[in-house]
Amino acid sequence: MSLIHTARTAQHLAVRALAAYGLAHPLTLTLLAAASTAAAQAWDRGHPVHAIHPTTRTERTPGG
């Protein structure tokens with residue numbers, strides 16, 4: 001599994017745990033730590049931040 005895929009998966013799992021259990025739950029804290037570690041490893045290997053956190057909203061042009 002690529003580092004980007006690992007980081008994204010860990011982030012999604014952490015968000016789901018946060019929504020289900022809250023921030024203080026041990027599972028949430030563990031998944032947040034895993035997500036940050038995976039993102040840091042991807043960054044250290046030269047992947048840009050936008051590879052982990054792509055823009056999902058559409059950009060509006062001025063006057064449009």
Side-chain angles (χ1 to χ4, degrees):
M1 187 179 313
S2 74
L3 287 173
I4 296 299
H5 184 71
T6 301
R8 285 183 184 164
T9 301
Q11 178 188 15
H12 287 284
L13 291 173
V15 169
R16 289 179 68 183
L18 178 64
Y21 305 116
L23 182 57
H25 195 276
L27 178 61
T28 303
L29 296 175
T30 300
L31 290 171
L32 286 171
S36 65
T37 300
Q41 288 174 348
W43 173 265
D44 288 343
R45 296 269 175 96
H47 294 285
V49 172
H50 63 81
I52 299 170
H53 301 285
T55 302
T56 56
R57 62 184 177 94
T58 56
E59 298 293 328
R60 292 184 150 200
T61 57

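Only heavy atoms go into these numbers, but all of them, side chains included; no hydrogens, no water, no symmetry mates.
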> At what distance, to the nearest 0.5 angstrom, does CD of Gln11 lie from CG of Leu32?
Replying inline: 9.5 Å
> So, does Thr28 use its side chain to make a donor-acceptor pair with the main chain of Leu23 at under 3.5 Å?
Replying inline: no
> For Arg45 and Leu3, which heavy atoms make the closest approach, and how far apart are they?
Replying inline: CG-CD1, 3.3 Å
Which pairs of donor and acceptor atoms, one on a side chain in residues 13-20, lie under 3.5 Å apart (sequence neighbours left out)?
none

>> Quick check: closest heavy atoms across Ala38 and Ala7, and the distance to 0.1 Å?
In response: CB-CA, 3.7 Å
> Taking Ser36 for the side chain and Ala33 for the main chain, is one N or O donor matched with an acceptor at less than 3.5 Å?
Replying inline: yes
> Excluding sequence neighbours, so at least two apart, what forms ring-ring contact (aromatic ring centres under 6.0 Å, His included) with His25?
Replying inline: Tyr21
> Closest approach of Ala10 and Ala35, non-hydrogen atoms and distance?
Replying inline: CB-CA, 3.5 Å
> Between Ala42 and Ile4, what is the shortest heavy-atom contact and its length?
Replying inline: CB-CD1, 4.1 Å
>> On a heavy-atom basis, which atom in Leu29 and which in Ala24 lie closest, and how many Å separate them?
In response: CD1-O, 4.0 Å
